[in-house]
Amino acid sequence: MAVPEPTGWELLSTRTIIDCDTLDEQVARDLGPFQDCTSNQAIAYGELSKPEHIGLIRNSISDASELLPRFTGISLEELAVEIAMVRLALRIAPHLAGRVHIQTNPYYSYSTERTIVNALRIVQLFQHLQPGFEQDRICIKIPSTWEGMMACRALEMAGVRTLATTLFTMSQAVLAAEVGCTYIAPYVNQLKVHFEPGFMDPNKLLPLCVSIQKYYKSINAKTKVLPASLTSTNEIFALAGVDHITIAPGLLKQLEQPSSAFQTESLFDSDVSSAISVAEQSFVNNESAYRIAFTRDLHGASEEKLTQAINIFCDMQDKLVQLMKSNMG
């Protein structure tokens, strides 16, 4: 009897751990199995806007009213947003082998202290909503600013898993390993490809993902590379061999086709990454050197990508807050 041809998903999974980039429980249940589940404010807004979540939203607002006295410096609506994201993650968790990822409020991207407080609050919300939920199954996504990385450093030392997201440069990757992040998420495409119709990133960061992973292995870093912001199956297979990869529902469905339907050459099987050199430099105790290295990358274009991503996520945070306000009273 002929052996059935593997699907694209099955072929990819022989080389890379596959995560789902969604807060849709049905995706995690039906298209897996997945290791982790990643999310952000844009994904949360897309999911919570669905009519079937009106009950979850109202319950989250009710919980926020009850819990608000415990937390300072946060509005009822902001707390309700965080509770709703945690509730969605808890629904998905039974369908995963690994972790659920929740992103901190992007408005705190340039405050180490507020990011730490936010991350610890998210961990507390998991414990409140599902007592006994393992802390090690929670990963906090934090934008890769200097302040965000310093927050990752403190959180990892406290036993909270972190992912440095919106990462576009080797200098960010070097610092992320130094502060002990559990994961990084290099954005293959700048974030606006998902929000500006017709825009294509002229400088996709596929080779950077390969270079970072090779660098991490050379220094025996614990940090795992988890590329995000992918727009095609060609990009996905170009990264076959990376530690983890997080994939949106539309692309996951495409991967259900037979593997022969895909271009499956991987950059990990070539020397394409050798063009990107890794500076033997430490940044963790040298903020000025880090900021200069980051701002000079691609003559400032990488810093612009980070700023753009944070702005988009702030816009989505605003929409989430408005969604909560519209369901109050």
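Counting only distance, with no hydrogens or angles, the side chain of Gln41 and the backbone of Gln103 share a donor-acceptor pair below 3.5 Å. A donor-acceptor contact shorter than 3.5 Å is absent between the side chain of Thr166 and the backbone of Pro143. The backbone N or O of Thr165 sits less than 3.5 Å from a side-chain atom of Ser144, completing a donor-acceptor pair. The closest donor-acceptor contact from the side chain of Gln213 to the backbone of Gly241 lies under 3.5 Å. Formation of a donor-acceptor pair under 3.5 Å by the Gln317 side chain with backbone atoms of Pro106 is not found in this model. In this structure a side-chain-to-backbone donor-acceptor pair under 3.5 Å is present from Thr223 to Cys181. Glu156 contributes no side-chain N or O that, together with a main-chain N or O of Cys152, makes up a donor-acceptor pair within less than 3.5 Å. Checked by atom type and distance alone, the side chain of Tyr216 pairs as donor or acceptor with a backbone atom of Ala173 at under 3.5 Å. No side-chain donor-acceptor contact under 3.5 Å links Glu287 to the backbone of Trp146.
Side-chain polar atoms of Asn118 and Glu82 form a donor-acceptor pair below 3.5 angstrom. For the residue pair Thr115/Glu147, the side-chain donor-acceptor check at 3.5 Å is not satisfied. Of the N and O atoms on the side chains of Glu303 and Thr295, at least one donor lies less than 3.5 Å from an acceptor on the other residue. In this structure, a donor-acceptor pair under 3.5 Å is present between the side chains of Tyr107 and Asp318.
Cluster annotation: Tyr183 and Val160 are assigned to distinct hydrophobic clusters (Ile/Leu/Val/Met/Phe/Trp/Tyr, side-chain heavy-atom contacts under 4.5 Å, transitive). Both Ile142 and Val81 are part of a single hydrophobic cluster, where members link through side-chain heavy atoms under 4.5 Å apart. With hydrophobic clusters built from ILVMFWY side chains whose heavy atoms lie under 4.5 angstrom apart, Met170 does not share a cluster with Leu163. Cluster annotation: Val193 is not connected to Ile43 through the hydrophobic network of ILVMFWY side chains, with a link wherever side-chain heavy atoms come within less than 4.5 Å. The cluster map of Ile, Leu, Val, Met, Phe, Trp and Tyr, joined by side-chain heavy atoms under 4.5 Å apart, puts Ile140 and Tyr108 in different clusters.
The number of heavy-atom neighbours closer than 6.0 Å to CD of Glu304, taken from other residues, nucleotides and ligands shown, is 12 or below. Under a cut-off of 6.0 angstrom, the local environment of CD in Glu196 is crowded, with over 12 non-hydrogen atoms contributed by other residues, nucleotides or ligands. Around atom CD of Gln127, more than 12 heavy atoms belonging to other residues, nucleotides or ligands sit under 6.0 Å away. The 12-atom threshold is not exceeded at NZ of Lys319, counting heavy atoms of other residues, nucleotides or ligands nearer than 6.0 Å. Within a 6.0 Å sphere centred on CD of Glu265, heavy atoms belonging to other residues, nucleotides or ligands number 12 at most.
The two residues Ala89 and Val100 have their closest heavy-atom pair at O-CG1, 3.5 Å. Of all heavy-atom pairs spanning Ser60 and Ala80, the tightest one is CB-O, 3.7 Å. Scanning all heavy atoms of the two residues, the minimum distance from Pro207 to Leu267 falls at N-CD1, 3.9 Å. Residue Ser39 comes nearest to His101 through the heavy atom pair OG-O, 2.7 Å, listed as atom of the first residue, atom of the second, then distance. Of all the heavy atoms in Glu10 and Glu5, the pair that sits closest is OE1-O, 4.5 Å. The minimum heavy-atom distance linking Gly8 with Phe237 is given by the pair O-CZ, 3.4 Å.
Note that CG of Leu230 and CG of Leu239 are 6.5 Å apart. Values are rounded to the nearest 0.5 Å. One distance of note links OG1 of Thr246 with CD1 of Ile17; it measures 12.5 Å at 0.5 Å rounding. Taking CZ of Phe126 as the start and CD of Gln135 as the end, the distance is 10.5 Å to the nearest 0.5 Å. We find the CD1-OG distance between Ile57 and Ser49 to be 7.5 Å, quoted to the nearest 0.5 Å. Atom CG of residue Asn203 and atom CG of residue Leu298 lie 5.5 Å apart, to the nearest 0.5 angstrom. Residue Asp63 holds its CG atom at 12.0 Å from CG of Leu68, rounded to the nearest 0.5 Å.
Glu78 has no carboxylate O lying under 4.0 Å from a charged side-chain N of Arg121, or vice versa, which leaves the two without a salt bridge. Ion pairing between Asp136 and Arg99 holds under the 4.0 Å rule for side-chain N and carboxylate O. Taking 4.0 Å as the cut-off between side-chain N and carboxylate O, Glu25 and Arg87 do not count as a salt-bridged pair. The existence of a salt bridge linking Asp269 and Arg15 is confirmed by a sub-4.0 Å separation between a basic side-chain nitrogen and an acidic carboxylate oxygen. Electrostatic pairing of Asp297 and Lys305 does not count as a salt bridge here, judged by no charged N lying under 4.0 Å from a carboxylate O.
Ring orientation note: the planes of Phe313 and Tyr187 are nearly perpendicular, at an angle over 60° on the 30°/60° scale.
Residues Lys217 and Asp243 form a side-chain contact, since some pair of their non-hydrogen atoms from C-beta on lies under 4.5 Å apart. Residues Gln281 and Asn286 have side chains not in contact (no heavy-atom distance under 4.5 Å, counting atoms from C-beta outward). Pro186 has its side chain within reach of Val225: a pair of non-hydrogen atoms, C-beta onward, lies under 4.5 Å apart. Considering only heavy atoms from C-beta on, Thr169 stays 4.5 Å or farther from Arg296 through its side chain. The shortest side-chain heavy-atom distance between Ile102 and Ile138 does not fall under the 4.5 Å cut-off. Proximity of Asp36 to Cys139: side-chain heavy atoms (C-beta onward) are nowhere separated by under 4.5 Å. Between Leu79 and Leu125, some side-chain heavy-atom pair lies under the 4.5 Å cut-off. Contact of the Phe71 side chain with the Val117 side chain is not registered, since no non-hydrogen atoms from C-beta on lie closer than 4.5 Å.
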Please report the C-alpha distance between Lys222 and Thr182 in whole Å, then the side-chain angles of each, then the deciding distance to 0.1 Å, and finally whether the side-chain contact (heavy atoms from CB on, under 4.5 Å) criterion is met. CA-CA 7 Å; Lys222 77 161 193 177; Thr182 301; 4.0 Å; yes
Report the C-alpha separation of Asn189 and Glu235 in whole Å, then their side-chain angles, then the decisive distance to 0.1 Å, and conclude whether the side-chain contact (heavy atoms from CB on, under 4.5 Å) test is met. CA-CA 10 Å; Asn189 295 275; Glu235 292 172 4; 3.0 Å; yes
For a side-chain contact (heavy atoms from CB on, under 4.5 Å) check, start with the C-alpha distance between Val188 and Cys209, then their side-chain angles and the critical distance, and finish with the verdict. CA-CA 8 Å; Val188 171; Cys209 297; 4.0 Å; yes
Go through the steps for Met316 and Phe195 under the test side-chain contact (heavy atoms from CB on, under 4.5 Å), then give the verdict. CA-CA 11 Å; Met316 290 297 159; Phe195 298 92; 3.3 Å; yes
